[in-house]
Amino acid sequence: MSSLARWCFRRRGVVLAGWVGGLVALALLVFGAGAAFTDSADMPDSESATAYHLLGEAGGQASANVVRGTIVWHTGDVGSGPVRERVTATLHDISALPGVKQVVSPYTAVGAAQLNPGAGTAYATVVLDKGAATEPIVQAAEQLRAPGFDVQAGGQAFTEKPAGSNGTEAIGILAALVLLLLLFRSVWAAVLPIVTGLVGVGASLLVVMLASHVIDLAATSLTMGALIGLGVGIDYALFIVNRHRKALRAGTSVPDALAQAADTSGRAVVFAGVTVMIALLGMFVVGLGLLTGMAQAAAVTVLFTVAAALTLLPALLGFLGYRVLSRKDRAAIAAGRFPLAERRAAKTPLAARWANLVQRLPVAAGGAALVVTVLLASPVLGMRVGNADASSDPVGTPTRAYHDLMAGAFGDGFDASLLLVASTPDTASSRAFAALTHRLEDFPGVAHVAPAPARAGQPVASATVTPATTAQAEQTADLVTTLRDDVIPAAEAGTALKVYVGGQTATSIDVADALMSKLPLYLGLVALLGFLLLALAFRSILVPLVGAVSNIATIAVGLGAVTAIFQNGWGLALLGVGSGAPVMYLVPVLVVGVMFGLSMDYQVFLVSRMHEEWVHTRDSRRAVRAGVAETGRVIAVAATIMLCVFASFGFSGERIVAMIGIGLAIAVLVDAFVVRMTLIPAVMTLLGRANWVYPRWAERITPRLSVEGPEREPETREMMIR
């Protein structure tokens with residue numbers, strides 16, 4: 001690593017030109033090719049997927065190639081002749097638009113159930129090709145809007161895809177800049193981590209936009225990449241700049257300081273970055289194409305931020321020289337004094353005093369940290385995974401207005417319809433399906449059943465079941481389970497009938513079940529990965545075991561925070577994303593992957609300094625104390641920066657982005673201050689020399705990974721915690 005840093009220092013002009021030229025080239029390619037994001041996902045094998053496949057083979061319109069939307073209007077005389085004529089003309093124009101396959105009007109016999117004169121509300125169902133432009137349809141419908149005549153569009157076809165972060169990350173970046181100024185007391189030193197992080201993230205997002213032409217990526221991949229990349233990119237650069245400054249303040253020359261920073265913090269950055277990328281790419285085990293695409297995009301972002309920290313940052317530090325130090329430090333060095341030694345002699349750092357306190361009271365400190373962690377994680381036990389619907393959107397938004405119009409006239413479950421698709425190879429099975437649909441009309445939790453017209457001899461039949469509750473309600477999920485486990489098997493008994501439950505609501509339930517069933521495997525995989533990597537790096541069994549368990553605890557805290565805020569609604573109004581709803585099924589997997597990598601970062605930076613001290617002194621208590629004292633301040637600042645960046649995404653107005661941002665922000669805060677700075681030192685103090693026990697057989701067969709580098713700087717070896 002030192003050779004790379006020295007090369008970047010000597011060729012700093014070439015390195016800078018390479019990064020600038022690369023950014024310009026990528027930007028030109030994106031400008032010419034654009035992006036090709038998609039919202040399609042490879043649906044896992046499930047009952048709802050089978051229902052769609054069976055209906056598609058029979059020529060039904062509920063296949064994966066079409067989507068449905070709803071145009072609803074409300075006026076006092078909704079069934080009168082003038083309203084009928086006006087709306088019918090508009091619906092006729094809509095039916096002629098490109099991509100529209102069918103429009104079912106409430107003023108026809110087929111759509112008679114779509115009219116509620118008593119509520120003054122009616123709606124039309126629009127079936128269109130997947131990917132067809134919806135803006136002309138919405139614009140045509142909105143032309144009906146007039147005083148006393150409200151019109152809204154909603155449903156799957158007209159649901160807006162999650163947008164970006166609306167620039168809220170700029171607030172997090174500004175907060176990070178302020179914190180870095182307070183830490184370094186130098187404008188240049190504060191700006192460098194920001195610039196490095198932004199360049200790495202910017203280059204990676206351009207690459208992701210180009211990659212969207214090759215692999216399936218959602219537009220939210222950009223937001224996810226920016227969220228993760230900004231956090232880790234600024235932190236990685238912060239650790240290197242901090243180590244470089246310490247070497248300069250100890251009297252080391254600029255190139256030697258760069259080499260020392262690269263051989264210590266630089267190695268830790270590589271180790272941490274690779275760990276984050278492996279954890280993200282481990283999402284392949286969940287088997288959902290869109291999620292793995294987001295993971296790939298985030299991994300690319302981490303890769304570019306690591307590359308920027310290892311190449312661009314040394315080049316920039318070479319240009320700046322001693323200007324990364326404060327004026328006071330530069331004056332001291334010019335006078336032949338070492339400001340680092342002077343400051344150590346003047347006072348004991350706060351982190352060192354905290355380390356002493358934890359080591360004096362390891363049981364009390366560790367117990368308190370454990371209680372806080374458990375309390376914050378406890379809401380995860382009540383987490384319900386699902387998909388939020390428009391009923392939880394903020395009041396005043398178009399989606400909420402659409403939901404309120406429809407629910408007021410046609411019941412809460414209007415947009416939660418279940419599709420029963422049956423294989424009816426003979427007359428007996430057809431009769432059995434007809435009896436099933438008739439029985440469901442009076443079934444608890446069912447508001448309406450509408451069998452589709454059946455042609456003679458058709459081997460497939462279908463019916464639409466409208467629940468009495470919203471798509472996100474627990475009662476609706478229970479209804480799907482009851483139908484599949486009890487009602488349908490009873491109807492199929494003794495016949496050739498085979499019935500599958502599909503529809504958008506059932507699909508969301510199936511996807512959530514598929515992801516959550518893989519979550520324990522994924523969690524176990526990343527925990528094992530963390531254990532093995534830490535064991536190889538630090539030649540220990542207990543240290544990686546404590547690290548793996550603490551990583552899982554931090555993940556639980558993040559998911560507990562998401563559950564408490566976004567499901568239970570504790571303080572949710574402050575974020576402007578509506579009311580409480582189930583946790584979106586992508587969130588737990590993303591939080592597990594990202595938070596594992598981030599908690600591993602802090603564990604590596606903390607324990608690498610402990611291990612460095614242990615190797616030279618064989619004093620475990622001193623090693624733990626030195627680790628906290630030397631890295632505590634910078635880890636605290638790094639975590640606070642991540643808190644600001646992640647929390648800024650929490651105010652994006654997009655529920656899924658806000659969930660991930662707030663969940664990660666709280667988890668990072670707890671991980672740094674409660675787990676790494678308190679719980680880990682307390683446990684390692686109690687374990688003593690057992691921390692560093694490594695079996696001889698393992699020593700013989702496992703390769704060596706050096707995180708802290710071949711040598712230690714003299715100034716760090718003189719560190720004594722008062």
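Side chains are part of it too, since the values below use all heavy atoms of this structure and drop only hydrogens, waters and symmetry mates.
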S.K.: For D513, is there any backbone N or O sitting under 3.5 Å from a side-chain donor or acceptor partner on S517?
M.R.: yes
S.K.: If you measure from CG on L523 to CG on L519, what distance do you get to the nearest 0.5 Å?
M.R.: 6.0 Å
S.K.: Any idea which heavy atoms bring L479 and P467 closest together, and the distance?
M.R.: CD2-CB, 4.0 Å
S.K.: Once you round to the nearest 0.5 Å, how far does CG of L497 lie from CD1 of I488?
M.R.: 8.5 Å
S.K.: Does some side-chain heavy atom of Q567 sit less than 4.5 Å from a side-chain heavy atom of M659?
M.R.: no
S.K.: Apply side-chain contact (heavy atoms from CB on, under 4.5 Å) to the pair V83 and T75, showing each step before the final yes or no.
M.R.: CA-CA 9 Å; V83 172; T75 184; 4.3 Å; yes
S.K.: Once salt bridge (Lys or Arg N to Asp or Glu O under 4.0 Å) is applied, do any residues pair with R400, and if so which ones, sequence neighbours excluded?
M.R.: D404
S.K.: How close do Q475 and T469 get, counting heavy atoms only, and between which atoms?
M.R.: CB-OG1, 3.8 Å
S.K.: Considering only distance and modelled atom types, tabulate donor-acceptor pairs under 3.5 Å from the side chains of residues 441-451, sequence neighbours left out.
M.R.:
none

S.K.: When you look at F649 and L664, which way does the side-chain contact (heavy atoms from CB on, under 4.5 Å) test go after all the steps?
M.R.: CA-CA 10 Å; F649 282 86; L664 292 178; over 6 Å; no
S.K.: Return the OG1 to CG distance between T50 and L54, rounded to the nearest 0.5 Å.
M.R.: 8.5 Å
S.K.: Does V380 offer a backbone N or O that forms a donor-acceptor pair with the side chain of T563 under 3.5 Å?
M.R.: no
S.K.: What salt bridge (Lys or Arg N to Asp or Glu O under 4.0 Å) pairs are there with at least one residue in residues 81-91, not counting sequence neighbours?
M.R.: none
S.K.: In Å, rounded to the nearest 0.5 Å, how long is the span from CG of L418 to CD of Q504?
M.R.: 11.5 Å
S.K.: Just jot down the side chain to side chain donor-acceptor pair (under 3.5 Å) partners of D415, sequence neighbours excluded, or say none.
M.R.: none
S.K.: Any side-chain to backbone donor/acceptor pair from T481 onto A477? Under 3.5 Å, distance only.
M.R.: yes
S.K.: Looking at R384 and P582, would you say the former's side chain and the latter's main chain have a donor-acceptor pair under 3.5 Å?
M.R.: no
S.K.: Any side-chain heavy-atom pair from V460 and T424 closer than 4.5 angstrom?
M.R.: no
S.K.: Are side-chain N/O atoms of T464 and S417 paired as donor and acceptor at under 3.5 Å?
M.R.: no
S.K.: Let me confirm one number: the OG-CD1 distance from S95 to I137, rounded to the nearest 0.5 Å.
M.R.: 10.0 Å
S.K.: ring-ring contact (aromatic ring centres under 6.0 Å, His included): which pairs involve residues 381-403, sequence neighbours left out?
M.R.: Y402-F414, H403-F414
S.K.: Give every residue pair that meets the salt bridge (Lys or Arg N to Asp or Glu O under 4.0 Å) criterion with at least one member in residues 567-576, sequence neighbours excluded.
M.R.: none
S.K.: Please name the pair of heavy atoms, one in G663 and one in V562, separated by the smallest distance, quoted to 0.1 Å.
M.R.: CA-CG2, 3.7 Å
S.K.: Is Q152 reaching over with its side chain to a backbone N or O of W73, donor-acceptor style, under 3.5 angstrom?
M.R.: no
S.K.: Considering only heavy atoms from C-beta outward, does the side chain of F646 approach that of V668 to under 4.5 Å?
M.R.: yes
S.K.: If only atom types and distance count, is the side chain of Q143 paired as donor or acceptor with the main-chain N or O of V138 below 3.5 Å?
M.R.: no
S.K.: Tell me every residue that passes side chain to side chain donor-acceptor pair (under 3.5 Å) with N568, counting only those two or more places apart in sequence or in another chain.
M.R.: none
S.K.: Is any side-chain heavy atom of V78 less than 4.5 Å from a side-chain heavy atom of Y107?
M.R.: yes
S.K.: Taking only residues two or more places apart in sequence or in another chain, which ones pass side chain to side chain donor-acceptor pair (under 3.5 Å) with T397?
M.R.: T399
S.K.: Mark yes or no for whether T466, through its side chain, and G413, through its backbone, hold a donor-acceptor pair below 3.5 Å.
M.R.: no
S.K.: Decide yes or no for P459 and P425: does some side-chain heavy atom of the first lie under 4.5 Å from some side-chain heavy atom of the second?
M.R.: no
S.K.: Do V501 and L419 pass the side-chain contact (heavy atoms from CB on, under 4.5 Å) test, and can you show the C-alpha distance, the side-chain angles, and the key distance before you say yes or no?
M.R.: CA-CA 6 Å; V501 181; L419 185 64; over 6 Å; no
S.K.: For H438, I'd like to know if atom NE2 has over 12 heavy atoms of other residues, nucleotides or ligands within 6.0 Å.
M.R.: no
S.K.: Are any of the side-chain heavy atoms of P588 and M516 separated by less than 4.5 Å?
M.R.: yes
S.K.: Which heavy atom of G154 sits nearest a heavy atom of F158, and at what distance?
M.R.: O-CD1, 3.2 Å
S.K.: Would you indicate whether the side-chain heavy atoms of D129 and V100 approach each other to under 4.5 Å?
M.R.: no
S.K.: Could you work out, with side chain to side chain donor-acceptor pair (under 3.5 Å) as the rule, every residue matching T121, not counting sequence neighbours?
M.R.: H74
S.K.: Going by atom type alone, with no hydrogens or angles, which donor-acceptor pairs under 3.5 Å involve a side-chain atom of residues 109-120 and a protein atom two or more places apart or on another chain?
M.R.:
unit_1: Q114; atom_1: NE2; unit_2: V104; atom_2: O; d: 3.1
unit_1: Q114; atom_1: NE2; unit_2: Y123; atom_2: O; d: 2.8
unit_1: N116; atom_1: OD1; unit_2: G118; atom_2: N; d: 3.2
unit_1: N116; atom_1: OD1; unit_2: A119; atom_2: N; d: 3.2
unit_1: N116; atom_1: ND2; unit_2: A409; atom_2: O; d: 2.8

S.K.: Are side-chain heavy atoms of L210 and V30 found at a separation under 4.5 Å?
M.R.: yes
S.K.: Determine whether S429 and T495 satisfy the following criterion, side chain to side chain donor-acceptor pair (under 3.5 Å), listing intermediate values before the conclusion.
M.R.: CA-CA 6 Å; S429 58; T495 71; over 6 Å; no
S.K.: Spell out, as yes or no, whether a donor-acceptor pair under 3.5 Å connects the side chain of Q472 to the backbone of D389.
M.R.: yes
S.K.: Can you tell me which residue among V583, L590, V589 is in a side chain to side chain contact (heavy atoms under 4.5 Å, CB included) with V587?
M.R.: V583
S.K.: Show the numbers, then the answer: is there a side-chain contact (heavy atoms from CB on, under 4.5 Å) between I228 and T301?
M.R.: CA-CA 8 Å; I228 297 165; T301 306; 5.9 Å; no
S.K.: Any salt bridge (Lys or Arg N to Asp or Glu O under 4.0 Å) involving residues 466-488? Give me the pairs, sequence neighbours left out, ordered by first then second residue.
M.R.: E47-R484, R484-D510
S.K.: Sequence neighbours left out, what pairs pass salt bridge (Lys or Arg N to Asp or Glu O under 4.0 Å) with at least one residue falling in residues 423-440?
M.R.: none
S.K.: I need the L144 CG to I71 CD1 distance, nearest 0.5 Å.
M.R.: 8.5 Å
S.K.: Return the minimal non-hydrogen interatomic distance between F433 and A422, and the atom names on each side.
M.R.: CD1-CB, 3.5 Å
S.K.: Please report the shortest heavy-atom distance between S579 and S391, naming the atom on each side.
M.R.: OG-O, 4.0 Å
